[in-house]
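This report refers to the structure that appears directly beneath it.
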Number of protein chains: 2
Amino acid sequence: MSAVRRIDELAPEPKKAEWLDTIIKGDCVAALDRLPEKSVDVIFADPPYNLQLGGDLHRPDQSRVDAVDDEWDQFDSFAAYDAFTRAWMLAARRVLKPNGTIWVIGSYHNIFRVGTVMQDLGYWLLNDIVWRKTNPMPNFRGRRFQNAHETMIWASRDKSSKSYTFNYEALKASNDDVQMRSDWLFPICTGKERLKNEDGGKLHPTQKPEALLARVMMASTKPGDVVLDPFFGSGTTGAVAKRLGRHFVGIERQDDYIEAASARIAGVEPLEDMDLAQMQAKRAAPRVAFGSLLDAGLMQPGTQLHDSKRRWSANVRADGTIAIGNEAGSIHRIGARVQGLEACNGWTFWHFEEEGSLKPIDSLRQIMRDNMQGVAA
Amino acid sequence: MSAVRRIDELAPEPKKAEWLDTIIKGDCVAALDRLPEKSVDVIFADPPYNLQLGGDLHRPDQSRVDAVDDEWDQFDSFAAYDAFTRAWMLAARRVLKPNGTIWVIGSYHNIFRVGTVMQDLGYWLLNDIVWRKTNPMPNFRGRRFQNAHETMIWASRDKSSKSYTFNYEALKASNDDVQMRSDWLFPICTGKERLKNEDGGKLHPTQKPEALLARVMMASTKPGDVVLDPFFGSGTTGAVAKRLGRHFVGIERQDDYIEAASARIAGVEPLEDMDLAQMQAKRAAPRVAFGSLLDAGLMQPGTQLHDSKRRWSANVRADGTIAIGNEAGSIHRIGARVQGLEACNGWTFWHFEEEGSLKPIDSLRQIMRDNMQGVAA
DNA sequence: CGCCTTAATGAATCCTAAA
DNA sequence: GTTTAGGATTCATTAAGGC
């Protein structure tokens, strides 16, 4: 059980080892401003949305808002919340790697303002995810629908960042081989998982279930990634990150939360590397050129290739192209041309004859890849 | 079958009989400005989503996705979209009765801006409702979660309006005697319900299902109420209003939509009063994904799975896949692979050890389903 | 007519490494 | 920064066509 370090005052330009897997005490904007730019892979944020933010609310003109003053009107309070949101989101964006992504969770009270600010700051929305609660609090007055969900926004740092982490294949495999949808079903955090205070009451009003964070991290991070939570609270982000072999950084203002989160995370046992291994994505598999099948002797020049229904046939040539009559080109281009399509995956389109039946040439590529295993790229 | 009147130029200060159950041609702000203030009970609005699509998108079979690229969905910037939204929402608010409510539907492209504008204008948000689609379009490139829902915002005119219509008891009775949640499950609009153009293609790119509108009206209107739709389109709001014994007003710019909506509504037969009560929600059998067993703590990463005769063993990984050596995949794919089969039901094939005997993992699925009782899948 | 196979399609911000 | 080319990617439902 390794203790969790706490940082009361982060030094300017700190080394990574100083802040990794720590909880930083303080205001989230001030702490974020001390962290190096482009240093975290994913941010998970559960910002407050009640307007009593302990005097931290400032109007856009920097005048301070008294959060319990009934006199300021609705517009003032929304503007103050927007300014607060803009401030921490801007600071968070500086810290995020160019291909990093951010998750923000909220309810209808604040999520629309959060989403608007995100778009205005240049974040590029990837999905909005609905957390459907199996056991939500009932509506007691019977004047509205039971508020049975919360909303998460998942966004990349920029419109142009395309290489963000998304473990599509693993998510699909874990979901009975159909792609993961934007609506997730989880129970709210109760029972032994819920941290209690000395009175036996709940320590934190909005502790999120670990299962929710686990799916977030399994979807959008790799083992060893750094996950930052600027509103650390009870430390769910840290606990799940540690269990899943990810690094965390938490920022939190309240001492009681920091203490509880530290103890909680210290008690977490990380999973074995073997259990954390990532399912190999096809698009990440080593590139195999069709010509290399000839080099390896798995395919001979002059072999006839056919599509699965033998509508078309092509001839393999010694230079790694295939030809139909006078037309020659890659397995992909010729496959596309015969079908009159823009594109075609030649590996799955073309087949060769073996023992009387047609087998896709992709099976030969698999043999190539198996042979390459253990050979440095 | 009563014809639907069309109004090309609404007179100033028109009598109610002039505009009730009509379709007004023109820009929605101009038309709204002609209607009397505080004259409609509920507004349902399906504004442009500002989709901001890039190039073409193709399905894996290379067919092209017919995208929403209509002129009315093009905006130069978020600011332009905000201005458009503020204008029509302000005009709509003048027309709404003090105890009236408004529904606005959108996706993550626009709904955050819509919600922000609503709050800024003084609308008081009552719920955000998630329309979960049973049959959404997949994500074809595997780069995001399948976008499987849209969001509706339900709001009253003012924070102070308390006497808005909400048929709590009727909804609860129609929902197996549990209160209606904020997540609703409906199929998208297809089949015979979908209006077609002369070419047999879809008449309108975003026609909403009648079931969705029916629940909206059953929840928030009384028979005889007036429902206004400022983006009338194919006239779903009018068709459902007429069927449910409510009045409608539609505003629409395009002649072809007005004509189709008129014919559609003229063919609607209003329900008998008696039948109005029994609008029932459809429930689906809950589908359980293997990964959700891990989420729920019923299965731990690192657990060994075996077939019933212990010929093969596999290791459960944290991402919800299982692995034998280097090969990882879903319970179904790995089960199929070890047997050399095309397919396999992993739920019945794989077992785990408990108290010395092997139990199928399907028994854990049953526990999940029991826990999920009452929550539509 | 029924049964089985194939095709079509829906509010979509949907690729990426190498040259 | 650009362009080029390899080659990876889909779920539920309706409707039409074949036999």
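For clarity, every value in this text was computed on a predicted model and none was experimentally measured. Letters A, B, ... mirror the listed sequences (proteins, then strands); counts begin at 1.
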Touch check for B/Trp131, heavy atoms < 4.0 angstrom, all strands: base, sugar-phosphate only, or nothing? nothing
What nucleotide among C/dC15, C/dA11, C/dT13 has an atom nearest to a side-chain atom of B/Leu53? C/dT13
Heavy-atom check, side chain of A/Asp158 versus side chain of A/Trp124, under 4.5 Å: no
Give A/Ala343 one of three labels, base, sugar-phosphate or nothing, depending on what nucleic acid heavy atoms sit under 4.0 Å from its own. base
Identify whether the distance between the nearest side-chain nitrogen and carboxylate oxygen of B/Arg113 and A/Asp120 falls below 4.0 Å. yes
Spacing between B/Asn135 atom CG and D/dA15 atom P, to the nearest angstrom: 13 Å
Mutual orientation of the aromatic rings belonging to A/Phe186 and A/Trp184 [parallel < 30°, tilted 30-60°, perpendicular > 60°]: perpendicular
Measure CG/B/Leu203 against P/C/dT9 and give the value in whole Å, please. 15 Å
Any base atoms under 4.0 Å from B/Ser107, or only sugar-phosphate, or nothing? Heavy atoms, all strands. nothing
Looking at C/dA11, C/dA12, D/dT9, which one has an atom nearest to any side-chain atom of B/Leu51? C/dA11
Pairwise P distance for C/dG10 and D/dT9, with rounding to whole Å: 24 Å
Where does DNA chain D pair, written as one dot-bracket string 5' to 3', with Watson-Crick or G-U pairs under 3.5 Å, ( ) inside the strand, [ ] for crossing pairs and | for another strand? .|||||....|||||||||
Parallel, tilted or perpendicular: which fits the ring planes of B/Phe231 and B/Phe84, with parallel below 30° and perpendicular above 60°? tilted
Given the 90°-from-0 boundary between syn and anti, C/dT13 should be labelled syn
